[in-house]
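Here the structure is laid out as structure tokens; the discussion comes afterwards.
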Amino acid sequence: MASPPDNNTFYVTTPIYYVNDKPHLGHVYTTMVADVVARYHRLKGDDTFFLTGVDEHSTKVVDKAAEMGLSTEAWADQNAAAFRERFAGVDMTNDDFVRTSSDQHKARVTDYIAALLKSGDVYEGEYEGWYDAGQEEYVPEKKAKEADYKSPINRKPLVRKTEKNYFFRLSNYREELVRFFEDRDAAGCPFVLPAARKNEVINRIKEAEDVPISRTGTGGWGIPVPGDPEQSIWVWFDALFNYLTYVDTDDRRKYWQSGATHFIAKDILWFHAAIWPALLLAISKCEGYEWVFAQGGARDKLKVYSHSFWVSKAIIDGVEETIKDGKSTGNFLDPKTLDAMVEEFGTDALRYFLSTQGPLSTTDAEFSLEKYIEVYNTDLANTFGNSCSRVSNMIEKYLDPEDLPAASLIQWALEVTEVQPELHHQACIDQYRESFTDIELGRSAASAIRIVQYVDQLIDVTQPFKLAKDMETNGSQVLEILSECAEALRIASVLLWPFIPNKCEAFWRRIGFGHYAEQLKGNGKGDLDAWVRWGQLEPGTPIEKGEPLFPRYQVEKKS
């Protein structure tokens, strides 16, 4: 039996990525978004589980391994390691890493398919139709015709195929799927986000036919259909089950019941928003699996968040075109370029840019180095980094730590600076929380940055560096101003931690709050409510001067 759902339990996933090549920007981006959200929930104190990994049972993987002169297993091992290394290199905090070749995954998938065969929702048949080799996806006649019988992703011609397969009775779940969407909307908890994505899925569900779930000719690389070793479970169905296989254990089922948040790109929305819930509905009708999609559990809380693409401008045959980053279209931010950016700007800068400027909405986001530098200098170097250095340096220069008082009520600062009420730190915190709930990461980060901007306003208006010229007369004011600033920066740094964890932890150590980092180490839980409460900078806290957290980046001008 599954554990009951817990409101303080959070489960987040990424799609699992093909191991037919090394990771690129698209993989890093989706995983980065999931990581920032997972860190936020840990900061809140939630029992959080973050899952990512690789998808190995693909014919493309078999073909690529042969091309490289390696066994399929060796090629999969090599690239699975590359994904692990890439994600570790940008400080991902995933709690487990999926490999679909693992015994756990294969055993669970075999059990699920066996249950569906027994219930009759999976049956043997024959498929004839269009096939997108690049996506390893069968394409319905109507969709193929609309796309001029070419792949909508790489524009290569679709292939006509006929083969024996096992099918999933998707057509049996049309009405139940539509009701599922309607029920979730009525409850104020939409299944698909952003909401604009829903209609394209609903319209297609109403015409959905049964879908093949197996393949022949995989050379034994895959999970056999129970009772028919000549057939392997199609990679897409195999992959979808990973979200369940890695938490279908006694100690992890609570995460599934809390309702997973699946982050995916828009090109795989159909599988996640239609086929996946249909499979869950079907499995939950099987004996022993009723808990999989039960009311009050995953059925009420499962979410699919479908983001757009990173794109870039390129001149192709003399014409400027917009291209998507990916192996099938050509990487414009390949692993070597990612390494160079981390080397030049640091890991936190990459994390901040991708998570705050990325294509989370229904609109693609254009990547450019110029924009990257602008965001780095504006938000990180000139605002957060500069303010932290400015305040800590003035405290070190003008004040004896023993004289540093506890911060007063922020209302005093508001009166002095005439800052508008919406910039009150509590309003920023409230907006920060709301934005994370809505998966608006750019807005969440901006809420924290506004607190830093308040600090800069306070310094500009009160000019403690001038008051400090006569400490005998103005000392109490200097103490008051700088303690206000340090306290506001402490709160801002707590809010920014999911985005730029390394620099925030460095700042915490400077201001005597290194215990925050210790508490969060090893995916530990924080206490957001307590940590953002005003007035925690204790009298006598030593404030250390340090190197700039984010040195301003100067663009070299060509002579």
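These values consider heavy atoms only, across backbone and side chains, with no hydrogens, waters or symmetry-generated copies.
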Salt bridge flag under 4.0 Å for residues Asp95 and Arg252: no
Take the angle between the ring planes of Tyr40 and Tyr432 and call it parallel below 30°, perpendicular above 60°, tilted in between. perpendicular
Does a side chain donor of either Asp238 or His105 reach within less than 3.5 Å of an acceptor in the other side chain? yes
Taking Arg179 first and then Glu182, would you say they form a salt bridge - that is, a charged N and a carboxylate O separated by under 4.0 Å? no
Any chance the side chains of Asp46 and Thr48 put a donor and an acceptor closer than 3.5 Å? no
Which pairs would a plain distance check flag for residues 268-276, meaning a side-chain donor or acceptor within less than 3.5 Å of a matching protein atom at least two apart in sequence or in another chain?
unit_1	atom_1	unit_2	atom_2	d
His272	ND1	Ile268	O	3.0
His272	NE2	Tyr243	OH	2.7
Trp276	NE1	His262	NE2	3.2

Salt bridge (charged side-chain N to carboxylate O under 4.0 Å, His left out) against Lys285, all qualifying residues, sequence neighbours excluded: Glu176
Pair listing, salt bridge (charged side-chain N to carboxylate O under 4.0 Å, His left out) test, anchored in residues 106-118, at least two apart: Arg108-Asp248
Here the side-chain hydrogen bond (donor to acceptor under 3.5 Å, both in side chains) pairs for residues 82-92, sequence neighbours left out, are Arg86-Asp339, Asp91-Asn502
Greater than 12 external heavy atoms within 6.0 Å of Gln104's CD: yes
What residues form a salt bridge (charged side-chain N to carboxylate O under 4.0 Å, His left out) with Glu124, not counting sequence neighbours? Lys164
Hey, is the main chain of Ile233 close enough, under 3.5 Å, to the side chain of Ser214 for a donor-acceptor pair? no
Any chance NZ of Lys266 has more than 12 other-residue heavy atoms, nucleotides or ligands included, within less than 6.0 Å? yes
Report the C-alpha separation of Phe191 and Phe180 in whole Å, then their side-chain angles, then the decisive distance to 0.1 Å, and conclude whether the ring pair (Phe, Tyr, Trp, His ring centres under 6.0 Å) test is met. CA-CA 9 Å; Phe191 170 55; Phe180 166 65; 4.9 Å; yes
Quick test of your reading: applying salt bridge (charged side-chain N to carboxylate O under 4.0 Å, His left out), list the pairs with at least one residue in residues 184-200, sequence neighbours left out, ordered by first then second residue. Asp185-Lys198
Taking atom CG as the centre, does Asp103 end up with more than 12 heavy-atom neighbours from other residues, nucleotides or ligands that are less than 6.0 angstrom away? no
Is the Tyr112-Phe241 ring centre distance short of 6.0 angstrom? yes
Do the non-hydrogen side-chain atoms of Thr100 and Ile16 ever get within less than 4.5 Å of each other? yes
Between Ser102 and Tyr246, is there a side-chain heavy-atom distance shorter than 4.5 Å? yes
Determine, using ring centers only, whether Phe499 and Phe436 are less than 6.0 Å apart. yes
Which residues pass the side chain to side chain donor-acceptor pair (under 3.5 Å) test with Asp210, sequence neighbours left out? Tyr123, Ser171
Of all residues at least two apart in sequence or in a different chain, which pass the side chain to side chain donor-acceptor pair (under 3.5 Å) check with Thr93? Asp35, Arg42
How would you list, by chain and number, every residue that makes a salt bridge (charged side-chain N to carboxylate O under 4.0 Å, His left out) with Arg99, sequence neighbours excluded? Glu56, Asp77
Taking the six-membered ring for Trp, are Phe87 and Phe83 parallel (under 30°), tilted (30 to 60°) or perpendicular (over 60°)? perpendicular
Using a 6.0 Å distance limit plus a 45 degree cone around the ring axis, check whether Lys60 lies over the aromatic ring of Tyr18. no
Can you sort out the partners of Asp300 under salt bridge (charged side-chain N to carboxylate O under 4.0 Å, His left out), two or more places apart, ordered by chain and number? none
For Tyr173, all residues meeting side chain to side chain donor-acceptor pair (under 3.5 Å), sequence neighbours excluded: Asp121
Atom CD of Glu126: over 12 foreign heavy atoms under 6.0 Å: yes
Lys/Arg N to Asp/Glu carboxylate O, Arg174 vs Glu209, below 4.0 Å: yes
Indicate whether the side chain of Asn94 and that of Thr52 have a donor and an acceptor atom separated by less than 3.5 Å. no
Check whether the ring centres of Tyr29 and His307 lie less than 6.0 Å apart, and answer yes or no. yes
Side chain to side chain donor-acceptor pair (under 3.5 Å) partners for Trp497, two or more places apart: Glu505
